[in-house]
Amino acid sequence: GTKVVGEFKKDLLNGKGKWEYANGNVATGNFKDDKLNGYGVFTWSDGDKYKGGWVDGYRTGKGTYTYRSGTIYKGDFVNNYSEGNGIMTYADGTKYIGEFSLGNEHGQGTIEYVNGNKYVGNYKDGKRSGKGTFNYSNGDKYTGEWAEGKRSGSGTFIYANGEKQEGQWEDGIMLKK
């Protein structure tokens with residue numbers, strides 16, 4: 001069953017406390033009217049864990065969310081979403097530093113892949129979008145426009161050997177002139 005320990009006021013958890021849910025989730029921290037407020041830690045029974053700010057039971061403010069997969073997000077939260085500036089370090093070592101909206105990479109950001117590839121530019125809904133530069137670990141480089149995570153619009157691809165392709169791209173492929 002559910003177990004609640006802490007300071008009560010009018011039959012509601014108010015102040016420091018611990019709430020152990022029947023499903024295995026555990027909330028520890030500062031409570032106001034049975035909801036986490038201020039600093040708190042929430043551990044899900046599946047292994048996910050959040051440490052940080054809470055407002056009326058929602059992850060809001062600075063915090064760290066550790067996924068059971070090993071991926072870690074550190075940064076700003078609003079109403080349970082990563083929102084604002086943050087750093088997402090994926091389980092494979094890939095690291096994104098930049099802006100987030102509704103839990104996705106959104107706005108200006110930089111991602112460094114474990115294979116040495118690096119993208120600096122704009123994101124929309126978690127995908128490369130707008131202007132950006134992708135540096136490939138082999139020395140190739142694309143600078144230009146992106147849509148839905150693919151080269152799209154005007155751009156320049158410079159190969160490591162110095163060869164250059166300039167023009168319009170669609171769905172990741174350069175269009176014939």
Side-chain angles (χ1 to χ4, degrees), residues 36 39-177:
L36 280 168
Y39 180 81
V41 176
F42 196 100
T43 305
W44 284 265
S45 60
D46 69 5
D48 285 5
K49 186 176 194 170
Y50 172 79
K51 295 179 183 181
W54 293 84
V55 174
D56 297 330
Y58 291 96
R59 297 184 299 274
T60 300
K62 298 278 184 204
T64 301
Y65 194 108
T66 304
Y67 296 85
R68 66 182 170 275
S69 66
T71 295
I72 298 171
Y73 171 81
K74 287 183 184 184
D76 300 327
F77 285 84
V78 176
N79 294 330
N80 286 342
Y81 290 103
S82 41
E83 182 85 28
N85 293 305
I87 299 170
M88 184 78 83
T89 306
Y90 294 92
D92 71 357
T94 297
K95 185 184 239 179
Y96 172 85
I97 301 169
E99 296 174 306
F100 287 81
S101 181
L102 298 175
N104 290 311
E105 296 92 343
H106 194 90
Q108 186 65 29
T110 299
I111 191 162
E112 294 180 5
Y113 298 91
V114 289
N115 66 3
N117 291 347
K118 180 179 179 179
Y119 172 79
V120 179
N122 288 307
Y123 283 83
K124 182 179 179 186
D125 300 326
K127 295 179 180 170
R128 293 185 288 275
S129 184
K131 294 195 181 301
T133 299
F134 198 107
N135 291 292
Y136 296 85
S137 59
N138 67 359
D140 293 351
K141 177 180 177 177
Y142 172 81
T143 301
E145 296 173 337
W146 297 81
E148 293 293 313
K150 297 177 181 173
R151 296 184 291 270
S152 190
S154 66
T156 304
F157 196 104
I158 301 171
Y159 293 91
N161 67 9
E163 283 182 47
K164 187 186 210 178
Q165 279 188 312
E166 223 170 334
Q168 292 297 310
W169 298 75
E170 190 176 295
D171 206 26
I173 300 163
M174 186 168 172
L175 301 174
K176 303 266 186 241
K177 291 184 180 181

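Quick note: numbers below take in every heavy atom, side chains included, and nothing from hydrogens, waters or symmetry partners. For this chain, numbers begin at 1 and follow the sequence in order.
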* Asked: Just wondering, do Lys95 and Met88 contact through their side chains at under 4.5 Å, heavy atoms?
  -> no

* To do: Of all the heavy-atom pairs spanning Glu99 and Gln108, show the shortest one and how long it is.
  => OE1-N, 2.5 Å

* To do: Look at atom OH of Tyr58 and say whether more than 12 heavy atoms of other residues, nucleotides or ligands are closer to it than 6.0 Å.
  => no

* **By salt bridge (charged side-chain N to carboxylate O under 4.0 Å, His left out) - contacts of Asp125 (at least two apart)** => none

* Tell me, please, which residues at least two apart from Lys118 pass salt bridge (charged side-chain N to carboxylate O under 4.0 Å, His left out). => Glu112

Listed pairs under 3.5 Å, donor-acceptor, residues 77-85 side chains, sequence neighbours left out:
unit_1	atom_1	unit_2	atom_2	d
Asn80	OD1	Arg59	N	2.7
Glu83	OE1	Leu102	N	2.7

* By salt bridge (charged side-chain N to carboxylate O under 4.0 Å, His left out) - contacts of Asp92 (at least two apart) -> none

* Parallel, tilted or perpendicular: rings of Trp44 and Phe42 (30°, 60°) -> tilted

* Distance (rounded to the nearest 0.5 Å) between Thr71 OG1 and Asp48 CG -> 10.0 Å

* Straight-line distance of Lys74 NZ to Thr64 OG1, nearest 0.5 Å -> 5.0 Å

* State the CD1-OG1 distance between Ile97 and Thr89, to the nearest 0.5 angstrom. => 7.5 Å

* To do: Enter the distance from Phe157:CZ to Tyr136:OH here, rounded to the nearest 0.5 Å.
  => 5.0 Å

* **Side chains of Asn122 and Arg128 in contact at under 4.5 Å (non-hydrogen atoms)** => no

* Asked: Mind checking what makes ring pair (Phe, Tyr, Trp, His ring centres under 6.0 Å) contact with Trp146, not counting sequence neighbours?
  -> Tyr119, Tyr142

* Asked: Does the side chain of Tyr39 reach to within under 4.5 Å of the side chain of Lys51, using non-hydrogen atoms?
  -> yes

* Asked: Between Asp140 and Ala160, is there a donor-acceptor pair closer than 3.5 Å when you use the side chain of the first and the backbone of the second?
  -> yes

* Asked: If we only count heavy atoms from C-beta on, is the Thr156 to Lys141 side-chain gap below 4.5 Å?
  -> no

* Structure fact -> Between the CD1 atom in Ile173 and the CD atom in Gln168, the distance rounded to the nearest 0.5 Å is 14.5 Å

* Asked: Under a 4.5 Å cut-off applied to non-hydrogen side-chain atoms, are Gln165 and Tyr159 in contact?
  -> yes

* **Contacts of Tyr96 that satisfy ring pair (Phe, Tyr, Trp, His ring centres under 6.0 Å) - sequence neighbours left out** => Phe100, Tyr123

* Asked: How many angstroms lie between NZ in Lys49 and OG1 in Thr66, if you round to the nearest 0.5 Å?
  -> 8.0 Å

* Search all heavy atoms of His106 against all heavy atoms of Lys124 and return the closest pair with its distance. => ND1-CA, 3.5 Å

